[in-house]
There are 2 protein chains.
Amino acid sequence: MYSSELIKGTLKTIVLKLLSENQEMYGYEITQKVKDLTAGKIQITEGALYPSLHALENEGLLSTQTMNIGKRVRKYYSLTKKGKSVAQEKISELTDFMNTMRFLLDLKPSAQ
Amino acid sequence: MYSSELIKGTLKTIVLKLLSENQEMYGYEITQKVKDLTAGKIQITEGALYPSLHALENEGLLSTQTMNIGKRVRKYYSLTKKGKSVAQEKISELTDFMNTMRFLLDLKPSAQ
DNA sequence: TTGACTTACCTAAGTTTCTTATGTATCATT
DNA sequence: AATGATACATAAGAAACTTAGGTAAGTCAA
């Protein structure tokens with residue numbers, strides 16, 4: 001597990017990325033998918049995810065569809081048109097940021 | 001400029017990395033160095049940096065040395081022994097995290 | 001010489017975003 | 001029948017910033 005500060009700020013982008021590859025997903029599925037894909041190194045808590053999903057919906061980036069599975073309810077999220085475009089922006093911003101950070105971290109000692 | 005959420009959580013590691021390459025630096029110098037190295041894409045504000053430097057000092061990772069430049073005072077920070085070891089840990093954790101994030105962001109659509 | 005900008009330190013209130021804790025309920029397995 | 005997984009949700013508190021402000025010295029052009 002990474003220390004939690006690192007993950008801060010990347011959650012919404014991760015969600016948007018997953019939804020841009022999967023058409024529709026429900027909350028719990030997202031937590032499991034991220035856990036699987038990262039071999040448990042990134043674990044999204046429900047306390048962080050659900051409020052974040054609601055915020056993305058309020059911003060008009062996600063739409064929801066409720067499905068009944070037996071007697072339980074599942075809430076599927078998918079990207080709106082606006083969500084698709086914002087997703088691409090956020091993904092390239094984060095990719096760019098990762099490259100910048102990698103550059104910083106790879107610096108060699110300066111001559112002094 | 002990257003949206004500020006992204007930078008959250010990476011500040012201390014950036015500081016530790018710069019100090020592990022430069023022996024000693026003062027606060028303002030750190031802000032300028034990061035700005036230069038990232039072509040202005042990452043700009044550390046003083047409101048974020050100074051409290052962070054104080055925290056690192058309180059944790060025993062940094063030591064300070066005050067220098068008089070004319071009538072002004074400059075506060076140089078350098079890594080303690082503990083700071084050097086923590087710096088290496090934080091740097092490799094962040095590098096690892098970047099690789100994991102890159103993997104997530106590079107995922108192709110799953111077959112459905 | 002004064003006004004604007006840069007250098008250089010600092011703190012504090014407010015915001016955002018998460019963690020931690022809790023609640024509810026269904027379903028599967030032992 | 002109990003445990004663990006599935007699946008949703010909220011709310012109080014913590015952490016790490018942003019924004020805004022304060023102080024003061026040095027530099028440079030008009």
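First the proteins, then the strands, lettered A, B, ... as listed; each starts at 1.
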Asks: Quick check on DNA chain C: between Y77(B) and Q32(B), whose nearest nucleotide comes earlier from the 5' end?
Replies: Q32(B)

Asks: Measure from CD on E29(B) to P on dT6(C) and round the result to the nearest Å.
Replies: 18 Å

Asks: Would you mind building the protein contact string for nucleotides 14-30 of chain C? One character per nucleotide, 5' to 3', B for base within reach (heavy atoms under 4.0 Å), S for sugar-phosphate only, - for untouched.
Replies: ---SSBB-----BS---

Asks: Could you check how far CD1 of I30(B) sits from C1' of dC9(C), rounded to whole Å?
Replies: 13 Å

Asks: Go through I7(B) and F97(A) one step at a time and tell me if the side chain to side chain contact (heavy atoms under 4.5 Å, CB included) criterion holds.
Replies: CA-CA 9 Å; I7(B) 300 165; F97(A) 176 70; 3.9 Å; yes

Asks: Can you measure K75(B) atom NZ to dA24(D) atom P for me and round it to whole angstrom units?
Replies: 18 Å

Asks: Any side-chain N or O of Y50(A) below 4.0 angstrom from OP1/OP2 of dC8(D)?
Replies: yes

Asks: Which residues satisfy the salt bridge (Lys or Arg N to Asp or Glu O under 4.0 Å) test with K84(B), sequence neighbours excluded?
Replies: none

Asks: Could you work out, with side chain to side chain donor-acceptor pair (under 3.5 Å) as the rule, every residue matching E29(B), not counting sequence neighbours?
Replies: none

Asks: L6(A) has an atom CG; how far is it from atom P of dC17(D), in whole Å?
Replies: 11 Å

Asks: N58(B) has an atom CG; how far is it from atom P of dA15(D), in whole Å?
Replies: 14 Å

Asks: Run the numbers on I30(B) and L53(B) for side chain to side chain contact (heavy atoms under 4.5 Å, CB included), then give the verdict.
Replies: CA-CA 11 Å; I30(B) 292 175; L53(B) 286 172; 4.3 Å; yes

Asks: Can you check whether H54(B) has a side-chain N or O nearer than 4.0 Å to OP1 or OP2 of dT11(C)?
Replies: yes

Asks: Tell me, please, which residues at least two apart from K8(B) pass salt bridge (Lys or Arg N to Asp or Glu O under 4.0 Å).
Replies: none

Asks: According to salt bridge (Lys or Arg N to Asp or Glu O under 4.0 Å), who are the partners of K82(A), at least two apart in sequence or on a separate chain?
Replies: none

Asks: Nearest-Å distance, CE (M67(B)) to P (dA8(C))?
Replies: 11 Å

Asks: To the nearest Å, how far apart are Y76(B) OH and dT7(C) C1'?
Replies: 12 Å

Asks: Holding to salt bridge (Lys or Arg N to Asp or Glu O under 4.0 Å), I want the full list of residues that pass it with E89(B), two or more places apart in sequence or in another chain.
Replies: none

Asks: Within the pair Y26(B) and dA8(C), is there a side-chain N or O less than 4.0 Å away from OP1 or OP2?
Replies: yes

Asks: What integer distance in Å separates Y28(A):OH from dG4(D):P?
Replies: 13 Å

